[in-house]
Amino acid sequence: MASAIIERVEIDDFCEPPQVAGPGFINFRLKPSFLARCLEAVPGGDDPLAARVGIEPTRDAQTIVIDLSSPNLAKEMHVGHLRSTVIGDCIARVLEFEGHTVHRENHVGDWGTQFGMLVAYLRSVQPEVADKPDDIVIADLESFYVQAKARFDADDDFGRESRDTVVALQRGDPSTRRIWKAFCEESLRHCHAIYDRLGVRLIDRGESFYADLMEEVIRRLEAVKKADGFVRDSEGALCVFPEGFTTRDGLPLPMIVRKSDGGFNYATSDLATILHRVDTLKADRIIYVVGLAQKQHFAMLFSAVRRLGWVDQKVSFEHLGFGNVLAADGRPFKTREGGTAKLGKLLDEAVKRARAVTQDQPADGRPSIRTLSPDQADAVAEAVGLAAVKYFDLAHALQSDYKFDLNTMLAMEGNTAPYMLYAYARIRSIGRKAGVDFAALPSDQAIILEHASEISLAKKLLQLTETLDVVSRELRPNVLTDYLYELARAFSRFYDKKIGVRVVDATPENVRTSRLRLCDLTARTLKLGLHLLGINTVEQM
RNA sequence: GCGCCGGUAGCUCAGCGGAUAGAGCAUCGGAUUUCUAAUCCGAUGGUCGCGGGUUCGACUCCCGCCCGGCGUACCA
């Protein structure tokens, strides 16, 4: 059968004669001339598609909401928020690149009983905030919370005051609200210092934003409530009972939407966000980038929304769950003191280590030829350190836990950000060395693929489109990191003095130009790919 | 108890129906008078947790076990 297929296919213009290779396999080998034609067709220079390496936006754009990051404003952001933020941002970038309208929704926790405690504590330790709420400064949110909690546990009067403050807050008492708002804004400033550093932009929408919509959720549920129905009261709480979920005792498991004390919880606000996202933002697709631990919660939420018929069938809901970040010993990530590891500190540490890496000298004692000024070295360290953390996170399959290991993520060898950034910087340096502006390379000159390393680099370059298809369809960032790593390796071989080819001093001129164009295409592909991961490139390092 | 996610080379991880299971690190051995060696080439190393089944073909799908983690009504 295979030979019958081989005889009949007409693919001479782009493929070598196919060969039967064992039972069930036919090998097709694309002709270098065809690969070259494909690469020649990629727009360059000042073409608007040059930075997109020729990839056109989709024709059926959707409106997509991505729920990401979502820290609790009561505390400092910690490692736990890293994955949601970095993965969510990457997915958003990929979908935006495809041409979709993306809303990055930061569903921050700014509501609930702990805020009564925090406001009461703030009032007692910084009484002046009542008059000047905008002057509030809390250097360390984490210890502020710990102190408030300690007082709450030890002091009954303060406990009562805290509970009264929650009530006042929810009733809308102006003075309480003012202090609460000041606290939240201060906490958000801490968050955005990190977002800015990570290059992540998103829209903050706290639980409090949904206060009216939560009431609307309750009204709608009350309207369809029946004694033994899908929506009913149970043990004093208003509940939805999606099918197929049970408690330890095998009884139907409710999603509690209004607690028996009348308060709301995350199910209430998650339902409210859906109303906002569907009715106001007009979302076609909603993606929740939240840890795998909440898988059941989202399964119940989506099931409930479908059953309630609150959204059009064509709106899709996806929980993009991910595993935990563990310490190097495989245990939950804690500081030496046992507290949660603050994200800001972790990034500082990564950048500090990256700075040391930029000081590395060649192993054999030759002098380094790096010419970075201290300021440039600082900038490179910042870029490399943050890139290392992000890249390492994104390079892991989403569902698996991974060990946060600065040594591995900052290694210059292997599938790491430093290797990738170096490959890019190295290519840019070739352009400088050759005295050419990549953007001005003549795009009408042929690409010539003769050497094995040129052909395999060309094949890799041409896999960008299908790689991005997989990434956006399956929402898997590590498919992109793997591709970029393979591309960088293919380039290292192409450029290797032993197994590769000469570039800057290649002759004749048309071969040199062809190879420089391959360099340019590789640089643009790496830059685009890293950009979609949320990683900035550097021109030298 | 039930459900979900892991269990792949000494270590860190990819692969998740197709051809001899791949990288990096580590170990050992090569290249090199640089187009920035943060490189390249090679070797060693794996009954893909265990046992059944489906299939022409299973790390990949199904069933049952064993480990580890998480979830399982008023935290998120």
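Below, chain A is the first sequence line, B the second, and so on; all start at residue 1.
When the side-chain nitrogen and oxygen atoms of A:S492 are compared with OP1 and OP2 of B:U39, none of them lie within a distance under 4.0 Å. Close to B:C75, at under 4.0 Å from its OP1 or OP2, lies a side-chain N or O of A:K259. In this model, the phosphate group of B:A19 is not approached by any side-chain N or O of A:N27 to a distance below 4.0 Å at OP1 or OP2. Contact between the side-chain N/O atoms of A:K497 and the OP1/OP2 oxygens of B:C40 is not found at any separation under 4.0 Å. Put simply, A:R493 has no side-chain N or O that comes within less than 4.0 Å of OP1 or OP2 on B:C40. Considering only side-chain N and O atoms, A:R476 lies under 4.0 angstrom from the phosphate OP1 or OP2 of B:G15. The shortest distance between the side-chain N/O atoms of A:Q399 and the OP1/OP2 oxygens of B:G6 is below 4.0 Å.
For A:A397, the listed nucleotide lying nearest its side chain is B:A14; candidates were B:C35, B:A14, B:G6. If you check B:A23, B:C35, B:G6 against the side chain of A:Y485, the one that comes closest is B:A23. Nearest nucleotide to the side chain of A:E235, out of B:A31, B:A14, B:C74: B:C74. Side-chain proximity of A:S429 to B:U36, B:C13, B:G18: nearest is B:U36.
Counting non-hydrogen atoms under 4.0 angstrom, A:A423 reaches nothing in the nucleic acid.
Note: CZ (A:F241) to C1' (B:C74) measures 11 Å, nearest angstrom. Computed from coordinates, the A:I430 CD1 to B:U39 P distance equals 15 Å when rounded to whole Å. A straight line from CD of A:E243 to C1' of B:G3 spans 16 Å, rounded to a whole angstrom. Between the CZ atom of A:F438 and the C1' atom of B:C35 there is a distance of 11 Å, given to the nearest Å. What separates CZ of A:F322 from P of B:G6 is a distance of 15 Å, to the nearest Å.
A gap of 16 Å separates the C1' atoms of B:C59 and B:G51, to the nearest Å. For the P atoms, the distance from B:G45 to B:C28 is 16 Å, rounded to whole Å. Rounded to the nearest Å, the gap between the P atom of B:A43 and that of B:U54 is 39 Å.
Under 3.5 Å, the side chain of A:Y422 and the base of B:A38 form no donor-acceptor pair of N or O atoms.
Side-chain atoms of A:H190 and A:I194, non-hydrogen and from C-beta on, never get closer than 4.5 Å to each other.
By the 5.5 angstrom centroid cut-off and the 30-degree plane limit, A:Y419 is classified as not stacked against the base of B:A38.
The only option from A:K259, A:K225, A:K226 that meets the salt bridge (Lys or Arg N to Asp or Glu O under 4.0 Å) definition with A:D233 turns out to be A:K225.
Salt-bridge annotation for A:R489 and A:E486: absent, with no side-chain N of the basic residue lying under 4.0 Å from a carboxylate O of the acidic one.
Base pairing analysis places B:C70 opposite B:G3; the two distances defining the Watson-Crick or G-U wobble pair are each below 3.5 Å.
Taking the six-membered ring where the residue is Trp, A:Y288 and A:F317 present parallel rings, their angle staying beneath 30° rather than reaching 60°.
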